[in-house]
Amino acid sequence: MSADAEPDGGRATVSTHTVRLELVDEPGQLLAALRPIADNGGNLLSIYHERGNKTPRGHIPVEVDFEATEERFEGIVDALRAEGIN
């Protein structure tokens, strides 16, 4: 496991996180969901995109695994919500 330097010289712990998203079946939605992860310092590990399946609301389930510090994870979640991604 890697670590990022903290401002005080310490080391921030990087953890693996999994988020399950529901995306509208329209071009560009997967990219829109991945951009907040990259923009907030997440390191993408895997994407499981189930285009053939639909959630009860008619959306496509997508599972994304990535590494991030706890602080960056919170920023990623906030950014996903701000983009209207469930």
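The basis for the numbers below is simple: all heavy atoms, side chains too, and nothing from hydrogens, waters or symmetry mates.
Between T13 and T69 there is no side-chain heavy-atom pair separated by less than 4.5 Å. Under the 4.5 Å side-chain criterion, counting only non-hydrogen atoms from C-beta, E74 is not in contact with E71. The shortest distance between side-chain heavy atoms of E63 and T18 falls below 4.5 Å. Contact of the L23 side chain with the H59 side chain is not registered, since no non-hydrogen atoms from C-beta on lie closer than 4.5 Å.
Cluster annotation: L34 and L45 are assigned to distinct hydrophobic clusters (Ile/Leu/Val/Met/Phe/Trp/Tyr, side-chain heavy-atom contacts under 4.5 Å, transitive). Linking Ile, Leu, Val, Met, Phe, Trp and Tyr whenever their side-chain heavy atoms come within less than 4.5 Å puts F73 and L44 in one cluster.
In terms of heavy atoms, E67 sits closest to V14 at CB-CG1, 3.6 Å. Minimum interatomic distance between I60 and H49 (heavy atoms only, all atoms of both residues): CG2-NE2, 3.9 Å. Heavy atoms only, all atoms of each residue included: P36 and E83 are closest at CG-CG, 4.2 Å. Between D65 and S46, the closest heavy-atom pair is OD2-OG, 2.7 Å. Minimum interatomic distance between A33 and L21 (heavy atoms only, all atoms of both residues): CB-CD1, 3.8 Å.
Put simply, the residue from L80, D78, I76, V77 that forms a side-chain contact (heavy atoms from CB on, under 4.5 Å) with N40 is I76.
Rounding to the nearest 0.5 angstrom, the gap separating the CD atom in E22 from the CG atom in N86 is 6.0 Å. Rounded to the nearest 0.5 Å, atoms CD1 (I37) and CZ (F66) are 5.0 Å apart.
Side-chain N or O atoms of H17 include one that pairs as donor or acceptor with a backbone N or O of A68 at under 3.5 Å.
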